[in-house]
Structures are given as C-alpha cells and as structure tokens.
Amino acid sequence: MSVNPSSLLAALELGGTKTVVATGLPDGTILEEFRFPTTTPDETLDRALAWLEERGVPAAIGIGAFGPIRVNPASADHGCLLNTPKPGWSGFSLIGKIASAMPDVPVRLDTDVNVALWAEAALGAAKGASDAAYITIGTGIGAGILSGGNLVHGAMHPEFGHLKVPTAPGDDFGGVCPFHGNCLEGLASGPAILARWGKPAAELPADHPAWDVEAWYLAHGILALLAILSPTRIIVGGGVSQAAGLHGKISDLLKTVANGYFDKEMLETLVTPPALGQEAGIKGALLLAGGVGAR
Ligand code: ADP
Ligand code: ZN
C-alpha cells in the first residue's frame, strides 16, 4: 500500500507488562506494529521512539497508557504518571519524553481502556452504543466508560479496578494491591492470579478453579458498573480475558448475582469479548492520533 507520508500516524499502547507501538492510518488501519515488554520508563520509551524514528516522522502520535496518569490537557502535569505501584514510573512524563524526541509532532493521550473502548465503539463490539464500558484484565484492572456518547474522565479518570468487592465464599486470599489489598484489581488481575495460584493466568487450564473465582469477582465489579451507568455493552478485554470460556462464566455469574433484578435478555448480551481482540488498544490509540476521541 502506498501511503502519503503526511497522513502516517503513530500509536503507542503502554501496558504494565507489554508495550505496543504502531504506524497506521486515520481510519484505524495498522501498517506496522512492534510489541515488546515494558521495562523502565526511559528504556521502554527509547525503544518505542527508536522504532518510530526508523519509520519517519508521523503526522501525530496517539497514546493509550496505563494509569493513574494525568490525561487532562489543561493540567500542568499533563502526561505524567501519578501514584502507580509500578516501580520507577510514578512522576514520569510520558509526553515530555516524546516531545523531547519529536518536538513538532502533536501528542494525544488517554487511558489504555478509554482508547480501547473508543476503537470498539467506532469499529467493534460497541458500534453505535452511546453507553458502554471496556474493562481490561491484565497487569491491572481498569475500565473505560462511554456515557451519553462521551468518554468519562472526571477529575482524573475512572478507577474501576480499585472498587471494593465482596469476598467470594471461602476465599481467604488477601489480594495484591499495594494500596488496598483485596480490591478488584488486588483479587483478580494477572498478578493476583499468579500470587493466588502460583502459576501465570496463561498457564491455567480452562477447568481450573481459578476461573470460577475470577468470574465471581468480575461479575460483582460488573454489577456495580451496570447499576451506576446502565450501559448496553460491557466489553471484557486484556490479556487475562483470553482464557477460554471466561466471558460465559462471567455472564452466568452476573445473572446469578443480579438475582432477577435486571432484564434477563439484556444480561444475556451485555458482556462480550472485544471484537478487535488484543488490537483494541493500539487501534484506539491510532484513532486518537487522528483526532478521533480527542478532547
Ligand atoms: P498489559 O497489562 O501490559 O496491557 P496484558 O493485557 O497482555 O498486558 O495482560 C497481561 C496478563 O495477561 C498476564 O498476567 C498474563 O498472564 C495474562 N495472559 C496472557 N495471555 C493469556 C491467556 N491466553 N490466558 C489467560 N491469561 C493470559
Ligand atoms: Zn486497589
């Protein structure tokens, strides 16, 4: 495909475990993509920027990043990581680092989950929806929220993963969140699964009891989202969501914990995997680079 260099966009998805960098077009088409492990801030960004520089100067760069991160463009510390448990990242200026390497390139930033949700709303499982959420279950747990057609930012951005959820019957695992112990993220993120069962989520078979516990906690988190936002779609993505059968288990438990209160038919179709699979985040960052979803 021949591409007008002036329309070449760059996208960066920064996760707690993996980083994705890509070049592409304003419609979300990815031309080239590079995935590598997230390490220290400078090493990770240097690697992403070196890869991008080999491909020419992009017209703009869109970023979907893990948080907490200052995404309000009016803030003095716009683009800085806030109080993250991820060692070395608190206070790091993502936008400052990129601006020093590519000073003339506009940088647009949102959370990893907001950009993933925007991509799913434009091209995937939430097409046409004005009220939807995208949950990631990966190194952390978070949710992007679309309410009345607008992405929710609020004072910072939503922190779905740090919701308190009731303890599953018989569960005495204390959780891994350094701030809250047994919040949703502390109980059900990838690192929580590893700490609880002694094996990474990717290595646990579909019939392992881990998945019933996982679905139980997610169903309670989703019940809270449903009760507050009344979305028509809740997309569950992120690395851990690739576990076979997990979406079905979450839907079944959601019906159980909803206990007949919400419309049964709505509950049948509410929870879905991302139509864009593991590409939702990077595609959303590309759309953001092109100005779609930017504020
Ligand atoms: P990030 O948090 O960097 O965005 P991911 O969303 O890919 O990264 O999440 C990483 C987590 O996903 C790890 O805890 C890993 O064990 C888990 N994971 C990766 N592949 C699978 C799989 N096929 N099934 C279940 N868990 C998986
Ligand atoms: Zn927490």
Side-chain angles (χ1 to χ4, degrees), residues 11-22 33-41 44 47-48 63-69 81-86 89 111-117 119 134-144 156 158-165 167 173-208 210-211 213-215 217-218 221 224 235-250 273-274 276-285:
L12 175 70
E13 184 193 4
L14 188 67
T17 299
K18 54 126 198 2
T19 295
V20 189
V21 61
E33 182 181 298
F34 175 43
R35 289 178 174 248
F36 59 94
T38 304
T39 55
T40 62
T44 305
R47 206 166 168 187
I63 308 175
F66 73 85
I69 184 163
L81 269 299
L82 303 175
N83 205 3
T84 164
K86 197 166 168 57
W89 284 84
T111 58
D112 49 1
V113 279
N114 264 353
V115 302
L117 174 57
Y134 179 101
I135 297 172
T136 187
I137 326 166
T139 315
I141 292 184
M156 189 176 67
E159 284 284 3
F160 173 70
H162 298 276
L163 203 71
K164 285 286 185 179
V165 280
T167 305
F173 179 63
V176 299
C177 176
F179 295 92
H180 317 111
N182 62 354
C183 60
L184 180 58
E185 177 171 303
L187 290 166
S189 61
I193 295 173
L194 175 63
R196 185 195 284 274
W197 304 102
K199 264 191 179 181
E203 290 175 25
L204 297 175
D207 60 357
H208 194 282
W211 299 116
V213 177
E214 185 69 9
Y217 284 119
L218 285 161
I235 299 160
V236 179
V240 174
S241 78
Q242 296 172 95
L246 183 60
H247 293 88
K249 276 186 195 291
I250 294 171
L276 305 174
Q278 298 299 302
E279 298 287 278
I282 194 69
K283 274 187 184 280

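Atoms within a ligand are numbered from 1 in the order they appear, just like the ligands themselves. Keep in mind the model is a prediction, meaning the values are calculated, not measured. One is the number of the first residue; the rest follow in order along the sequence.
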*What protein N/O/S atoms lie closer than 2.8 Å to the Zn ion (ligand 2)?*
H162 ND1, C177 SG, H180 ND1, C183 SG
*Classify the side-chain pair T17/T139 by whether it contains a donor and acceptor separated by less than 3.5 Å.*
yes
*Among side-chain atoms of T38 and T19, is any donor-acceptor pair under 3.5 angstrom?*
yes
_According to salt bridge (Lys or Arg N to Asp or Glu O under 4.0 Å), who are the partners of E203, at least two apart in sequence or on a separate chain?_
none
Validation: residues 190-201 side-chain donor-acceptor distances under 3.5 Å, sequence neighbours left out:
from: R196; atom 1: NH1; to: D171; atom 2: OD1; distance (Å): 2.7
from: R196; atom 1: NH1; to: D171; atom 2: OD2; distance (Å): 3.2
from: R196; atom 1: NH2; to: D171; atom 2: OD2; distance (Å): 3.2
from: R196; atom 1: NH2; to: L187; atom 2: O; distance (Å): 3.4

*asked:* Rounded at 0.5 Å granularity, tell me how far OG1 in T40 sits from CH2 in W89.
replied: 7.5 Å
*Around ligand 1, what residues show up once you keep those with a heavy atom under 4.0 Å from it?*
G15, G16, T17, K18, G138, T139, G190, A201, A202, G238, G239, V240, Q242, A243
_Short N-O contact, K164 and E185, less than 4.0 angstrom_ = no
Using modelled atom types only, decide if a donor and an acceptor are shared between the side chain of [X] and the backbone of [Y] within a distance under 3.5 Å.
X	Y	result
S189	G138	no
H180	N182	no
Q242	G239	yes

